[in-house]
Amino acid sequence: MKPLNLVVVSAGLSDPSSTRLLADRLTQATRQRLESDGRTVDVHVIELRALAVDIAHNMTLGFPGPALQEAIDTVTRADGLITVTPIFTASYSGLFKSFFDVIDHTALTGKPVLIAATGGTARHSLALEHALRPLFAFLHALVTPTGVFAATDDWGTEGDPYADHLPSRINRAARELAELMPSEPAETKQDDDVVPFAQQLAALGHDG
Amino acid sequence: MQFGVFTIGDIRTDPLTGRAATERERLEMMAAIAVKAEEVGFDVFATGEHHNLPFVASSPTTLLGFIAAKTERIILSTSTTLITTNDPVKIAEDYAVLQHLAGGRVDLMMGRGNTGPVYPWFGKDIREGIPLAIENYALLHQLWRQDVVDWQGRFRTPLQGFTSTPRPLDGVPPFVWHGSVRSREIAEQAAYYGDGFFANHLFFPKDHFVGLVNLYRDRFEHYGHGIREQAVVGLGGQAFMRRNSQDAVRDFRPYFANTAVYGGGPSLEDVADYTPLTVGSPQQVIDKTLTFRETFGDYQRQLFAIDTGGMPLKTVLEQLDLFGEILPILRKEFAAGRPATVPDGPVHPALRASASLTTTHKDR
């Protein structure tokens with residue numbers, strides 16, 4: 001059986017970054033969940049930092065360079081998407097938003113997406129709900145009910161005793177993403193369809 | 001194979017002098033470019049149509065009519081005529097007048113326009129861009145081919161017993177190209193009518209346009225206008241030359257940085273790498289232009305954008321002189337190995353001859 005395409009978009013800026021670290025944990029958990037259901041998976045990781053200049057050029061010029069085009073195609077083909085951004089100034093980073101700005105607005109329709117973010121403290125965590133979730137809702141993606149936020153502290157503690165700690169939130173979100181993902185990879189969409197002209201004329205009430 | 005110059009007719013400050021042309025100067029400059037283009041051996045001059053600053057060419061047939069009076073041989077065309085926001089009745093009449101006065105040296109390229117507010121300014125809705133292009137052109141096509149037209153459509157008041165005047169010269173409508181950057185519907189439209197398809201591949205990597213041109217060729221054959229190699233294809237290009245390539249790069253860089261499209265974006269070198277832009281010696285322009293044929297197949301019309309980024313007339317005229325030197329070489333190279341089945345670029349006398357042939361067949 002052909003493997004599913006699990007695509008990871010990480011907008012971390014440093015190397016190594018805690019954003020990438022969270023992305024890797026989510027990826028691993030999702031992979032385990034899929035494999036335990038007997039589904040195989042290919043993972044493709046897109047680090048937006050490497051595409052920052054290409055994304056800016058796409059903004060000014062209107063078309064993507066080859067590396068960015070490849071990243072866009074990879075996201076468009078994904079059977080499931082894990083997106084992770086640092087929270088900057090109350091929202092996703094500008095780089096993260098810009099990447100989704102240059103992708104066709106229909107490319108994510110119906111696609112399962114896990115949203116995740118990192119920040120200095122847990123005070124930023126609702127940015128997932130007021131910024132990332134609406135962005136992907138606009139794109140008609142299927143967003144997992146659980147979004148995963150990792151504050152710096154989450155990496156070194158058991159977390160808040162009254163709430164799930166990071167590993168359990170990661171596992172819950174991964175399970176949700178795996179449940180939304182299909183059992184087989186989507187057919188690669190051919191871009192060579194054309195509506196016959198007579199049909200285009202007829203739609204306007206004219207004969208061919 | 002036809003070679004031409006196309007201009008968008010914008011006014012921009014010359015980055016070297018800090019001075020911008022006046023509107024009058026820019027319009028006169030466009031006419032001077034057309035006259036010079038004819039003199040150095042180009043076949044086509046095409047102007048854009050825009051209805052906002054910093055553009056001056058809002059009335060293409062006025063400009064082209066003026067140029068028609070100053071030239072004898074060059075074909076006057078557009079790049080593009082807004083089929084979405086202009087009334088097709090007015091296009092039919094304006095271009096028919098121009099066609100008569102220019103002795104048939106007229107064709108035009110349909111485009112949808114890329115300036116959002118122009119739609120509401122002309123009472124249209126941008127979300128209907130494609131339907132407007134389809135319906136308006138269907139009417140234009142009919143107005144030029146049928147003496148008395150009854151028409152009802154979604155986008156203009158109905159016509160009963162309407163005759164667009166003057167009738168096309170010799171009963172042969174101006175040749176029409178359809179330009180598109182993204183829309184497969186427009187490639188399909190061009191193929192359906194057996195019209196030309198123009199890929200302005202300035203702003204996108206060439207692979208993007210290969211798909212559109214191939215679709216157009218396949219559908220042209222599907223609709224029975226000929227084999228796919230006989231489809232009528234035009235391409236954009238952009239060049240800046242000096243005798244040696246270092247001087248070209250040095251002299252063009254400020255104008256490149258001053259264009260609306262490229263300024264503040266990727267480097268000149270990157271753009272020259274992904275797009276048809278060539279900045280270099282005359283030989284480099286020849287070499288790159290010849291690659292278009294390898295990419296798209298033998299084609300009929302190559303237009304070059306030259307007067308970009310606030311470039312002064314003197315520099316543009318120098319460019320045209322250099323083109324005058326390379327055009328004979330380009331013609332020779334493009335002719336070499338071109339199959340006899342591939343048609344030449346459209347010209348009125350040939351269209352008239354083939355129309356009379358068709359009529360004769362029908363009559364018998």
Side-chain angles (χ1 to χ4, degrees), chain A residues 48-77 94-95 97-109 138-140 187-208, chain B residues 114 128 130-139 141-142 151-155 178 181-195 201-209 211-212 214-216 218-220 222-223 257 259-267 270-271 273-275 277:
Chain A
L48 296 186
R49 185 185 200 284
L51 297 170
V53 172
D54 282 5
I55 291 169
H57 285 168
N58 191 157
M59 293 270 166
T60 60
L61 203 52
F63 66 81
L68 177 57
Q69 182 66 59
E70 193 185 329
I72 291 171
D73 291 345
T74 301
V75 167
T76 306
R77 272 199 314 269
L95 177 60
K97 175 62 157 51
S98 296
F99 178 65
F100 289 101
D101 284 345
V102 300
I103 295 183
D104 188 277
H105 68 95
T106 62
L108 266 63
T109 300
F138 173 83
L139 294 170
H140 296 176
E187 293 291 315
T188 314
K189 201 179 134 216
Q190 291 297 321
D191 194 27
D192 57 4
D193 53 323
V194 60
V195 180
F197 196 73
Q199 208 173 312
Q200 298 183 39
L201 278 175
L204 293 165
H206 301 283
D207 318 325
Chain B
N114 55 8
E128 310 241 57
I130 295 269
L132 281 162
I134 290 171
E135 180 175 295
N136 285 349
Y137 184 65
L139 174 54
H141 191 266
Q142 196 176 341
W151 168 266
Q152 192 160 0
R154 264 172 63 186
F155 299 115
H178 299 264
V181 175
R182 294 172 203 268
S183 303
R184 301 172 68 77
E185 292 92 335
I186 300 301
E188 168 72 2
Q189 181 187 33
Y192 175 83
Y193 289 105
D195 292 341
H201 67 325
L202 292 191
F203 306 138
F204 268 79
K206 67 181 181 193
D207 299 349
H208 169 85
F209 287 103
L212 281 176
N214 283 339
L215 169 69
Y216 161 68
D218 290 343
R219 300 298 288 174
F220 182 95
H222 168 85
Y223 285 115
T259 56
V261 181
Y262 305 122
S267 66
D270 280 351
V271 172
D273 205 35
Y274 340 120
T275 76
L277 171 67

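Please read all numbers here as calculations on a predicted model, not as lab measurements. Residue numbers start from 1 in every chain, and the chains themselves are labelled A, B, ... in the order their sequence lines are given, proteins ahead of strands.
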TODO: Could you tell me whether a side-chain N or O of B:Ser183 sits under 3.5 Å from a main-chain N or O of B:Ile186, the two making a donor and an acceptor?
DONE: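 No, B:Ser183 side chain to B:Ile186 backbone: no donor-acceptor pair under 3.5 Å.
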TODO: May I ask you to decide if B:Arg219's main-chain N or O and B:Glu188's side chain share a donor-acceptor pair within less than 3.5 Å?
DONE: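 Answer holds: no.
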TODO: Give the ring-plane orientation class for B:Tyr193 versus B:His178, where under 30° counts as parallel, over 60° as perpendicular and anything between as tilted.
DONE: parallel
Task: Interface residue of largest heavy-atom contact number with chain A, from B:Pro266, B:Ala187, B:Gly153, under 4.5 Å - done: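 Maximum pair count with chain A is reached by B:Pro266.
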TODO: For chain A, find which of B:Glu135, B:Gln152, B:Arg154 contributes the most heavy-atom pairs closer than 4.5 angstrom.
DONE: B:Glu135
Task: Side chain, backbone, both or neither of A:Pro64 within contact of chain B (heavy atoms, under 4.5 Å) - done: backbone
Task: Validation row: B:Glu128, B:Phe155 side chains within 4.5 angstrom (heavy atoms) - done: yes
